[in-house]
Colleague: 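Starting off with a structure, shown below.
Residue numbers start from 1 in every chain, and the chains themselves are labelled A, B, ... in the order their sequence lines are given, proteins ahead of strands.
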Amino acid sequence: MTAPADQLTGAATELLGWYEQMAVIRGTEKAAQDLFLAGLVKGTTHLAAGQEAVAVGVSAALRADDYVFATYRGHHHAIARGASPEACLAELMSRATGLCKAKGGSMHLTKADAGMLGSYAIVGSHLPMAVGAAWSATLRGTDQVAVAFFGDGATNIGAFHEALNLAAVWRLPVVFVCENNLYMEYTPIASVTAVPNPAADRAPAYRLPAELIDGNDVVVVRDAAARAVDRARTGGGPTVVEARTYRHFGHSRTDPGTYRPAEEVREWLARDPLAVARDRLSRLGVPDDVVSTVDGRVAELVAAAVSAAKAAPPADPAEALTDVWADGGAQWRT
Amino acid sequence: MTAPADQLTGAATELLGWYEQMAVIRGTEKAAQDLFLAGLVKGTTHLAAGQEAVAVGVSAALRADDYVFATYRGHHHAIARGASPEACLAELMSRATGLCKAKGGSMHLTKADAGMLGSYAIVGSHLPMAVGAAWSATLRGTDQVAVAFFGDGATNIGAFHEALNLAAVWRLPVVFVCENNLYMEYTPIASVTAVPNPAADRAPAYRLPAELIDGNDVVVVRDAAARAVDRARTGGGPTVVEARTYRHFGHSRTDPGTYRPAEEVREWLARDPLAVARDRLSRLGVPDDVVSTVDGRVAELVAAAVSAAKAAPPADPAEALTDVWADGGAQWRT
Amino acid sequence: MADVTATGGTITYREAVAEGIAREMRRDPTVVCLGEDIGAAEGVFKTTVGLFKEFGPRRVWDTPISEQAIVGAAMGAAMTGIRPVAEIMFSDFLACCWDYLANEIPKVRYMTGGQVTVPLVVRTANGGGLGFGAQHSQAVENWALAVPGLKVVAPSTPADVIGLMAASIRSDDPVVFFEHKGLFASKGPAAPEGHVVPLGAAAVVRPGADVTLVALASTVPVALRAAETVAAEGIDAEVVDLRCLVPLDMHTVLDSVGRTSRLVIVEENPYQGGWGATVASIVADEGFESLDAPVRRVAAACVPLPFADSLEQVVLPTADKVAAEVRRLAAY
Amino acid sequence: MADVTATGGTITYREAVAEGIAREMRRDPTVVCLGEDIGAAEGVFKTTVGLFKEFGPRRVWDTPISEQAIVGAAMGAAMTGIRPVAEIMFSDFLACCWDYLANEIPKVRYMTGGQVTVPLVVRTANGGGLGFGAQHSQAVENWALAVPGLKVVAPSTPADVIGLMAASIRSDDPVVFFEHKGLFASKGPAAPEGHVVPLGAAAVVRPGADVTLVALASTVPVALRAAETVAAEGIDAEVVDLRCLVPLDMHTVLDSVGRTSRLVIVEENPYQGGWGATVASIVADEGFESLDAPVRRVAAACVPLPFADSLEQVVLPTADKVAAEVRRLAAY
Ligand SMILES: Cc1ncc(C[n+]2csc(CCOP(=O)(O)OP(=O)(O)O)c2C)c(N)n1
Ligand SMILES: Cc1ncc(C[n+]2csc(CCOP(=O)(O)OP(=O)(O)O)c2C)c(N)n1
Ligand SMILES: [Mg+2]
Ligand SMILES: [Mg+2]
């Protein structure tokens with residue numbers, strides 16, 4: 001049962017929007033990979049292809065004035081919160097038009113004016129920051145919510161523990177979203193973690209509620225996030241959401257990911273969040289050609305972003321010596 | 001039912017020994033307090049009076065070659081592992097004969113030749129060290145066990161989390177003994193901790209067994225410790241033991257402890273571990289005069305320790321510039 | 001401290017800490033304190049006395065023993081409209097949250113291309129001389145100096161505590177504020193309402209013509225005592241209180257050395273990697289032509305701080321050690 | 001490197017790390033490695049290649065992402081008969097376990113009055129120039145220099161990696177061993193079996209008469225390139241590779257400056273609080289009479305490391321910047 005594009009149900013329209021966001025992220029990630037292979041992206045990148053549903057599903061449950069803190073694997077979170085693929089790619093390509101003026105790079109994508117308060121490359125470091133942003137919201141008497149996205153590996157570092165305890169004791173409006181992609185860098189998380197579900201199984205240690213969910217189904221993610229965000233916004237305190245998912249590429253650009261069993265990779269690729277969403281769309285009666293139209297639009301948008309980023313001027317060397325202090329400068333002595 | 005001293009049961013004799021150790025610790029703590037009031041102890045001290053049963057009970061379950069790591073509140077652990085009151089008091093009084101040559105002080109009592117590998121004054125820092133000592137035992141193929149003693153407040157710091165997880169994953173022979181005395185410095189632990197039993201309630205987050213015990217009853221402590229040590233020694237991995245106890249003095253020498261409700265203090269003083277042990281001794285048929293004899297011997301021992309420490313020479317200033325490097329020196333440049 | 005108008009009363013350095021914070025909390029409702037035992041208990045050094053009573057639990061927050069959470073939460077709050085004043089009880093414990101001080105707080109503005117600011121203060125009790133042993137006695141302003149992006153403040157007088165606290169809390173940049181344990185009991189003129197000492201302005205606390213002594217926090221009184229001692233011998237030492245390591249007022253130092261041609265730096269941290277090395281290296285470069293004698297640094301010996309006070313005196317800079325170096329330079 | 005007898009082959013700096021560790025593991029069964037992804041994965045920088053295969057899981061241990069547990073456990077093991085070699089993946093992450101590096105490992109021997117020793121090595125990938133951004137690029141040897149009780153090693157050649165690794169693992173004192181990311185791909189003569197470079201012996205890697213360049217790790221090739229450049233202009237620069245910051249071989253530096261009378265220090269860390277400041281301050285004191293010109297330090301700008309490589313070059317020391325300073329001094 002399919003319907004023309006202009007007669008979609010509300011649920012279908014909403015899901016189509018999320019699908020489009022995921023497709024934009026996927027397209028941008030692929031572009032980033034290609035640009036790296038073409039020698040146009042320096043340093044390192046950690047692609048989130050395969051994990052788009054977590055970013056898009058959670059973002060769908062957030063308000064524009066909520067806060068998000070992410071990791072070095074944060075392209076999807078930046079884009080889901082409104083960073084343009086062009087600005088992201090320009091950042092990766094060291095262009096003056098980069099999201100962070102080419103001073104941050106792939107690991108530090110930030111869009112503060114959209115409440116996306118940064119990507120942090122020291123594992124676990126941003127969890128206390130998200131707690132602080134949530135604390136700030138309560139101090140200022142707003143009902144904003146803060147979200148920290150982090151990996152399974154981050155659950156074994158001290159900052160995780162301190163952050164969850166403080167958030168629980170102060171009953172703050174923060175949601176801890178673990179993207180459990182089964183691996184830290186090259187080591188299976190199960191081999192270095194005392195509990196099978198590294199985030200969800202630890203929530204009771206802070207008397208926090210937890211949900212263990214399918215992180216590849218954007219609808220499941222959105223619904224769980226909505227529950228957690230609602231709890232936070234209405235004074236119910238923090239929630240731990242552990243979303244099981246998988247990265248399509250290796251840990252970072254130099255990693256072919258050979259440590260992962262082929263069977264495991266195959267299974268997870270079959271559960272690609274885009275495929276899962278397409279499946280849902282078709283069950284909601286969205287015709288294939290509507291989805292194809294979206295795919296086409298996304299492809300164009302990404303292509304345009306790549307061209308624009310390529311055409312942008314290189315980073316301005318003078319920028320190396322600005323932005324240390326709030327006055328814009330970097331002077332440390334007279 | 002009482003019996004002459006030379007006809008005590010094995011259990012009574014054993015308990016009398018533990019009672020004597022606790023009395024020695026108590027006497028030494030009181031002496032430390034007096035010496036401080038007399039201006040002979042500088043810096044700070046954190047007395048363990050009231051918590052003796054934890055140190056003595058756990059030590060009773062250990063072998064001479066096992067390892068112990070303690071905190072700045074560690075006089076009881078040092079003495080329970082064989083440090084002499086004289087050497088401890090000499091250390092506090094900055095004498096050359098001090099346990100650490102007067103370079104450590106009250107917070108760092110150490111008796112390495114008895115496996116008491118130090119007292120650490122950064123909360124939580126020694127838990128990973130104890131894990132490392134346990135790891136070392138397995139690497140060297142011994143069946144030694146390592147014990148970390150720590151306070152309730154230490155359970156909220158990152159190192160606690162990292163240590164327990166690593167110990168669990170590597171299934172190491174380590175016992176984590178939390179002395180829950182209900183307060184961090186002046187703040188009730190309940191007000192800053194997400195779970196009611198800060199150590200025991202967190203053990204499941206590392207799939208570790210836990211015991212929540214009466215820390216003022218030396219027999220209860222010894223039995224729980226024996227179970228945990230036995231599990232560790234026979235390859236069963238780590239255990240968390242949370243012993244509820246109470247300090248008789250304030251947090252440190254400058255703290256009158258006025259933040260504690262009088263009723264609470266009264267209740268706990270009534271449950272003084274020495275009183276609890278005396279009670280048990282009497283139920284085991286040990287005559288009062290036998291206990292009094294012990295008390296008298298202890299009083300003499302402590303008095304002698306005080307005199308000897310007072311009479312000892314002051315710290316040798318030359319010692320300030322030794323013991324940085326393994327060669328005994330402190331040279332850092334040519 | 002020409003800019004300090006005494007109100008007639010005196011105040012301890014310890015009281016000045018609480019007073020300095022309270023003034024800013026009254027002025028600006030976004031100023032909020034957090035730390036261990038700072039609320040009802042009023043701080044283990046009694047440096048937050050009165051704050052909980054005046055401002056209540058919505059402005060003064062007791063925390064668990066979680067240094068990373070304290071400073072990390074302060075960072076998140078600072079990025080979102082609050083001006084947190086976080087206490088790390090002893091400066092040694094900065095090591096427990098060093099990632100935030102070294103990698104997060106000072107870098108986030110830069111690495112986001114200026115998208116965020118982090119107006120926070122991390123206050124901490126610093127320094128030795130009290131028999132607290134190796135893990136509760138360090139002077140670690142030099143750790144913070146090594147990190148671009150932190151302002152580093154270390155007052156030596158009660159009035160400066162108040163004036164620099166005001167400037168620190170008002171600063172849109174992150175500040176590490178070192179309160180010296182050995183100075184808590186010291187007294188000085190109270191500071192008038194509205195007293196602000198700008199960050200990065202050193203003070204010539206004793207003018208002199210023969211030798212420049214550069215000092216910070218606890219070493220200011222040490223240098224002043226040494227200056228008195230050598231004055232009796234006819235050596236006229238100038239004492240500069242840096243007040244801040246960042247911004248570093250080299251203008252005042254170079255100007256002084258330009259007049260005296262001789263420099264002794266008095267630091268509490270160990271010689272290796274000490275802050276005085278940076279000052280010395282700048283003078284050995286930009287002030288080279290003024291120098292008539294070697295640059296000397298009186299710093300702590302390169303060992304951990306021992307417990308016994310007699311041993312501490314061997315390790316730490318003292319007025320006698322400083323005077324001896326001043327004499328050597330004057331005779332050079 | 002006069003003491004390096006080439007075996008005829010060459011080896012990369014990266015390979016030398018694994019080779020250096022392997023040699024010691026073969027020699028001494030108490031040497032054990034731990035760290036993140038160092039086992040079957042052979043290290044994210046491929047600096048532990050072959051170890052897991054040769055020595056198995058009882059000697060090469062993968063850990064969780066728990067820097068405090070890694071280094072804390074290494075400490076506990078070192079105190080009880082093991083010689084652990086702990087990897088902290090990037091030196092920036094030392095901040096996550098700084099308490100162990102600053103307060104525990106270096107102090108425990110002293111504060112127990114010599115009762116324990118801590119023979120361990122913390123190895124870490126250090127330094128910038130690869131576009132890894134502000135949190136994965138720092139050169140932080142200066143952090144370690146600020147802590148009495150740590151030995152601080154930072155080799156610049158593959159043979160030195162092997163020789164200094166041997167000395168570090170055999171040392172009964174704790175060593176922080178900095179492996180420079182920018183040098184991993186560089187090649188040099190292999191080291192013969194049994195090659196040991198003693199800790200604290202600097203190397204004059206290029207003799208010269210006019211100016212002394214003092215360098216460490218990545219700045220050694222930078223200084224050598226600068227020396228070549230100015231050589232073409234008739235300036236003969238001597239280049240000293242410090243190899244270690246602790247023990248610090250000031251004998252070699254002062255001797256060199258005694259001959260050249262001019263000193264340029266080339267550091268990768270930011271100028272403020274950099275290790276070169278300590279070297280400069282010693283020379284400005286003990287070598288004062290030799291100096292015919294200001295002491296110059298070419299260090300990184302006092303900003304976090306930016307991502308873009310063009311910006312990184314603005315911040316980091318380069319051969320051009322060094323050559324410019326050498327020319328200025330030579331003309332002084
Ligand atoms: C404190 C710290 N330790 C180690 C690293 C190196 N590192 C970067 S990503 C990573 C794995 C993180 O795994 P996980 O949290 O599961 O996130 P994922 O990469 O799978 O998204 C590691 C070990 C780091 N960045 N920070
Ligand atoms: C990392 C760190 N933070 C803070 C302190 C200051 N401090 C010393 S003892 C203490 C309270 C510790 O409470 P708990 O663990 O319950 O032990 P107790 O003193 O009750 O034995 C605090 C906060 C410290 N020493 N280390
Ligand atoms: Mg992962
Ligand atoms: Mg307690």
Side-chain angles (χ1 to χ4, degrees), chain C residues 92-104 106-108 110-111 133-135 138 140 142-149 245-246 248 265 269-289 291 293-297 300-307, chain D residues 92-104 106-108 110-111 133-135 138 140 142-149 245-246 248 265 269-289 291 293-297 300-307:
Chain C
D92 314 70
F93 313 161
L94 290 174
C96 298
C97 51
W98 194 240
D99 178 45
Y100 293 91
L101 275 296
N103 292 331
E104 315 294 342
K107 295 186 167 56
V108 69
Y110 185 87
M111 71 192 193
Q135 297 186 325
Q138 294 167 91
V140 300
N142 59 327
W143 296 3
L145 172 63
V147 182
L245 291 183
V246 180
L248 182 64
I265 300 167
N269 56 214
Y271 187 98
Q272 57 182 88
W275 59 259
T278 294
V279 173
S281 72
I282 295 172
V283 173
D285 182 351
E286 300 169 28
F288 182 72
E289 299 190 351
L291 287 171
V295 175
R296 293 234 194 276
R297 297 171 52 209
C302 291
V303 301
L305 257 281
F307 161 67
Chain D
D92 315 69
F93 313 160
L94 290 174
C96 298
C97 51
W98 195 239
D99 178 45
Y100 293 90
L101 276 296
N103 292 330
E104 315 295 343
K107 294 185 168 56
V108 69
Y110 185 86
M111 71 193 194
Q135 298 186 324
Q138 294 168 91
V140 301
N142 60 327
W143 296 5
L145 172 64
V147 181
L245 291 183
V246 179
L248 181 64
I265 300 166
N269 56 212
Y271 187 98
Q272 56 181 89
W275 60 259
T278 295
V279 174
S281 73
I282 294 173
V283 173
D285 183 350
E286 300 169 27
F288 182 71
E289 298 189 352
L291 287 172
V295 175
R296 293 233 194 278
R297 296 171 52 210
C302 291
V303 300
L305 256 281
F307 161 67

Colleague: Testing the basics here: between D:D92 and C:N103, what is the closest heavy-atom pair and its distance to 0.1 Å?
Modeller: O-ND2, 3.0 Å
Colleague: Most heavy-atom pairs under 4.5 angstrom with chain D, which of C:E286, C:Q272, C:K107?
Modeller: C:Q272
Colleague: Side chain, backbone, both or neither: which part of D:N142 has an atom under 4.5 Å from a heavy atom of chain C?
Modeller: side chain
Colleague: Determine the minimum heavy-atom distance between C:S281 and D:Y271, stating which atoms define it.
Modeller: OG-OH, 3.5 Å
Colleague: Relative to chain D, which of C:P306, C:C96, C:G149 shows the most heavy atom pairs under 4.5 Å?
Modeller: C:P306
Colleague: Most heavy-atom pairs under 4.5 angstrom with chain D, which of C:A301, C:A293, C:P270, C:A300?
Modeller: C:A293
Colleague: Tell me, for C:W275 versus chain D, whether the close heavy atoms (under 4.5 Å) come from the side chain, the backbone, both or neither.
Modeller: neither
Colleague: Does anything in residues 274-283 of chain C form a salt bridge (Lys or Arg N to Asp or Glu O under 4.0 Å)? List the pairs, not counting sequence neighbours.
Modeller: none
Colleague: Less than 4.5 Å to any heavy atom of chain C: does that hold for the side chain of D:V246, its backbone, both, or neither?
Modeller: side chain
Colleague: Give, as side chain, backbone, both or neither, the part of D:E104 having an atom under 4.5 angstrom from any heavy atom of chain C.
Modeller: both
Colleague: What heavy-atom pair brings D:D285 and C:V295 nearest, and what distance separates the two atoms?
Modeller: CB-O, 3.0 Å
Colleague: Could you tell me which residues satisfy side chain to side chain contact (heavy atoms under 4.5 Å, CB included) with C:P106, sequence neighbours excluded, listed by chain and number?
Modeller: C:V147, C:L150
Colleague: Which atom names give the shortest non-hydrogen contact between D:A95 and C:W98, and what distance separates them?
Modeller: O-CB, 3.6 Å
Colleague: Name the option with the most non-hydrogen atom pairs under 4.5 Å to chain D; the candidates are C:G273, C:A144, C:A277.
Modeller: C:A277
Colleague: Report which part of D:L291 has an atom under 4.5 Å of a heavy atom belonging to chain C: side chain, backbone, both, or neither.
Modeller: both
Colleague: Considering only heavy atoms, which portion of D:L305 lies under 4.5 Å from any heavy atom of chain C: side chain, backbone, both, or neither?
Modeller: backbone
Colleague: Distance from D:F288 atom CZ to C:F288 atom CZ, nearest 0.5 Å?
Modeller: 6.0 Å
Colleague: Using a 4.5 angstrom heavy-atom cutoff, name the option from C:A280, C:A102, C:P304 with the most pairs to chain D.
Modeller: C:P304
